[in-house]
Each structure stands twice: as structure tokens, then as C-alpha cells.
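Have a look at the structure below before the remarks.
Proteins get letters first, then strands, A, B, ... in listed order; numbering begins at 1 in each. Keep in mind the model is a prediction, meaning the values are calculated, not measured.
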Number of protein chains: 2
Amino acid sequence: MPQQDRAHATREAILHAAAEEFDRLGYERTSLTAVLARAGLTKGAFYFHFASKEAVAGALIERQSDLWAQVRESWRARGVDPLSALHGMFLESADRMAADVVLRAGVRLNADREIGYPGVPSTHVMWEKLIGGYLAEALERGDLRAGVDPEAVARTLCGAALGARLISSATTACADFPARIREVMGHVLPCVAAAEWKLSGSQNAVDGAGGP
Amino acid sequence: MPQQDRAHATREAILHAAAEEFDRLGYERTSLTAVLARAGLTKGAFYFHFASKEAVAGALIERQSDLWAQVRESWRARGVDPLSALHGMFLESADRMAADVVLRAGVRLNADREIGYPGVPSTHVMWEKLIGGYLAEALERGDLRAGVDPEAVARTLCGAALGARLISSATTACADFPARIREVMGHVLPCVAAAEWKLSGSQNAVDGAGGP
């Protein structure tokens with residue numbers, strides 16, 4: 001393996017080993033020693049790639065943030081209606097997280113920095129706004145029932161997804177997160193969508209998800 | 001004030017001051033020094049009542065656990081149908097938590113011990129089972145739509161309540177938790193309840209809640 005590829009593989013091995021620990025234990029309780037033992041690497045190899053545990057966590061958070069931007073972009077490119085896109089993105093996100101510990105760890109690290117700290121949950125506020133935007137567009141197109149408040153639905157969906165992830169993570173290492181998200185969508189969308197609205201592009205959501 | 005009443009008042013002042021800190025910062029980041037400063041008490045007064053920070057946290061957790069048992073019992077005594085009881089208990093719980101930092105802190109402490117620790121979320125599993133029981137009873141009575149899975153609805157409601165509490169706690173110190181829970185119930189119940197089902201006893205739920 002050329003040196004550059006080897007360096008890349010080592011960096012990925014560190015990210016993966018750190019993700020396994022962060023995903024299980026969170027930031028505080030994860031030790032660098034355990035990460036190195038898991039990756040079979042020396043401290044020297046680690047510090048060649050990352051300055052600190054915080055730096056690995058930062059890389060994982062950045063990676064999940066980049067991925068969500070890609071997922072949104074790919075659903076925009078499909079040209080389906082906003083409610084179908086929202087449905088597809090929720091399912092795809094859950095499938096990806098169940099299948100990918102690196103993504104899951106990044107999401108957990110990001111949420112843990114905010115949840116429980118008064119005044120700093122900027123990601124969840126951002127998600128509520130973003131999802132509310134899709135729903136407002138759906139309302140404008142007549143895809144929501146009359147009287148449905150797009151921002152209220154966004155709050156319910158964000159909260160339900162966060163809670164589902166936390167319970168699923170603690171009980172099944174997120175193995176049942178995709179099923180829980182499908183249940184949430186099945187329990188909420190029929191309540192808020194107009195009778196005429198029909199889900200479009202959902203098969204693609206599952207196919208393209210990289211899930212199990 | 002007789003000595004016994006004064007001791008009781010001091011113990012309550014400690015619980016209240018500790019709850020304020022725990023509710024904002026969680027267990028780890030709460031310092032006994034800050035609790036004492038808030039309560040205007042000495043270490044001696046504290047240790048007369050509690051052996052440690054852990055002991056205060058334990059008392060707060062026990063108190064919320066006792067309260068939920070009372071809330072369930074009071075709704076059982078009203079004799080309303082199971083779906084109406086579930087609706088009423090969710091609203092009453094949210095109202096009580098928004099109004100009572102001692103309760104809120106106990107709930108947070110209890111959840112924080114479990115969430116993020118693989119394999120130990122016994123409270124959330126217990127809640128899912130308990131809520132699933134109400135829903136199974138509703139299904140048997142014909143109060144749920146045909147094909148609705150009571151356990152799936154219990155998972156959605158538990159997850160949504162947990163997520164709503166965490167986001168509400170971090171953004172508004174739980175001030176908007178009652179509104180968020182009402183939104184969740186409004187977005188889920190009409191989807192799963194039979195067309196013939198009618199909410200009963202809901203006014204009592206709100207009146208009896210002690211909420212704002």
C-alpha cells in the first residue's frame with residue numbers, strides 16, 4: 001500500500017475505533033487508551049493524525065454534518081414533493097445510522113454537546129427550522145390538512161426522532177432505530193397529510209439508504 | 001417553628017436548591033458548593049440530612065417515581081377509558097414537570113442514569129410496557145383503529161415525550177414542554193384512535209395538573 005493510502009487507512013481506523021467507543025460510552029467516558037487498544041495502534045500513530053480526543057470527536061461531528069447536507073441535496077435532486085422528501089430523509093437517516101457506527105457516533109457526540117446544556121441546543125433548533133421549512137412548503141402546496149401547524153409538526157418529528165434514537169441506542173445499539181422511525185412516520189404523517197397526498201419516491205429512500 | 005418542622009423545612013430547601021442545579025446542569029456538573037450557596041446553608045446542615053450528593057439525587061429520583069405512581073392511581077380512580085387516561089396522564093405529567101423543578105430534576109437524574117448507558121434504560125423500557133398496556137386495553141375495547149400495534153404506538157409516544165422533554169429543557173427550561181406534549185398527542189392520537197373514540201375526562205386532566 002502506498003504511504004498516502006496507508007496514512008488514510010490509519011486515520012479511518014482511528015475514526016472507526018473512536019466511533020465504536022464514543023457510540024457506546026459518550027465523550028466523557030471514552031478513553032484514548034481504549035480507542036488505541038481497539039485500533040491496535042500506538043499513541044505515536046494516533047498523534048500523527050489527531051491532536052487530541054477532542055479532535056477525533058470534532059472530525060466525527062463534521063463528518064455527520066457533511067453527510068446530512070449530502071442527504072438533503074440528494075433528496076432535493078430527486079424532485080419529489082416536500083412531504084415525501086421529508087419522509088424519505090427520515091428513513092434514510094435512520095437506516096444509515098443503524099448501519100454506520102462512524103455516523104452514529106458523530107450524531108451522538110453532536111447531540112450530547114447540546115442536550116442537557118441550557119441554551120446551546122443549536123442543532124436541534126436548526127433541525128426544527130429546517131424540517132418546518134419542508135412542512136411549510138407542503139402546506140402551501142395543499143399537501144397538509146387545513147389547520148395543521150408546520151412548526152408544531154416539525155417539533156413533534158424532531159422530538160420523536162431524538163427520543164427514538166436515545167432509547168434505541170441504549171437498548172439495541174440503534175438496531176431497531178429504522179423500525180422506530182418508520183413507526184413514528186406511520187403514526188404522525190397520516191394525521192397531518194391531506195387525504196389526497198400520496199407518498200412518492202419512498203422505495204428509492206430505502207434502496208439508497210445503505211441500510212441493513 | 002418547632003424543631004421537627006424546621007428540620008423538614010431545611011431538608012426541603014436542600015432538595016429544592018439541589019433540584020435547581022441538577023435540572024440545569026445534570027448530576028456530574030452539579031457541585032455541592034453551588035447547592036449550599038443557593039440554599040444558604042452550611043455543609044454541616046447539609047450532612048445532617050444527606051450523606052452525599054448521590055443521596056440527594058436518590059431522594060429526588062424516588063420522589064418522582066412515587067409521584068408517577070400517584071398520578072397513575074388517580075387516573076385509574078377516575079374510571080375513564082384507557083386512551084383518555086393515557087392522554088390525561090401525559091398532559092398532567094408535562095404540566096407538573098413544567099411547574100415543579102423538584103419533579104423535573106428527579107426525572108432528568110433518573111433518565112440521565114440510563115440514557116447513553118448501553119443496556120440499562122430500565123425506566124424507559126418499563127414506561128414503554130406500561131403505556132403499551134393502556135393501548136392494548138384500548139385496542140381490546142375497540143378504541144384503536146384496526147391494525148394499530150399498541151406496542152408500536154407506545155414506542156412512538158415514549159420516544160416523542162423523551163425527545164420533547166430534552167429539547168424543551170435545553171431551550172426553555174421545560175416552559176414549552178406542556179405545549180410540546182399537547183402537540184405530540186394531537187399529532188398521534190387521531191392517527192391511531194378509532195373514529196368513534198371520544199376523549200373523556202380531559203378537562204379534569206388540565207384542571208388537576210397544577211400546571212401554569
Rounded to the nearest 0.5 Å, how far apart are [atom1] of [X] and [atom2] of [Y]?
X: A/T156; Y: B/M185; atom1: OG1; atom2: CE; answer: 11.0 Å
X: B/R165; Y: A/L162; atom1: CZ; atom2: CG; answer: 10.0 Å
X: B/D149; Y: A/H187; atom1: CG; atom2: NE2; answer: 7.0 Å

Practice prompt. State, to 0.1 Å, how close A/I167 and B/E128 come at their nearest heavy-atom pair, and which atoms those are.
Written response: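 A/I167 and B/E128 have their closest heavy atoms at CG2-OE2, 3.7 Å.
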Worksheet item: For the residue pair B/C191 and A/G186, what are the closest heavy atoms and their distance?
Response: SG-O, 4.3 Å
Response to the item:
Heaviest contributor of heavy-atom pairs below 4.5 Å to chain A, chosen from B/A160, B/A161, B/A173, B/S168, is B/A160
Discussion item. Can you tell me which of B/V153, B/V192, B/I181 forms the most heavy-atom pairs within a distance under 4.5 Å of chain A?
Written reply: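 If we count pairs closer than 4.5 Å to chain A, B/V153 comes out on top.
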Practice prompt. Using non-hydrogen atoms and a 4.5 Å limit, figure out which bit of A/V184 sits close to chain B: side chain, backbone, both or neither.
Written response: both
Worksheet item: Is chain B contacted by the side chain of A/A152, its backbone, both, or neither, given a heavy-atom distance below 4.5 Å?
Response: both
Worksheet item: Is A/E73 atom CD crowded by more than 12 heavy atoms from other residues, nucleotides or ligands, each under 6.0 Å away?
Response: yes
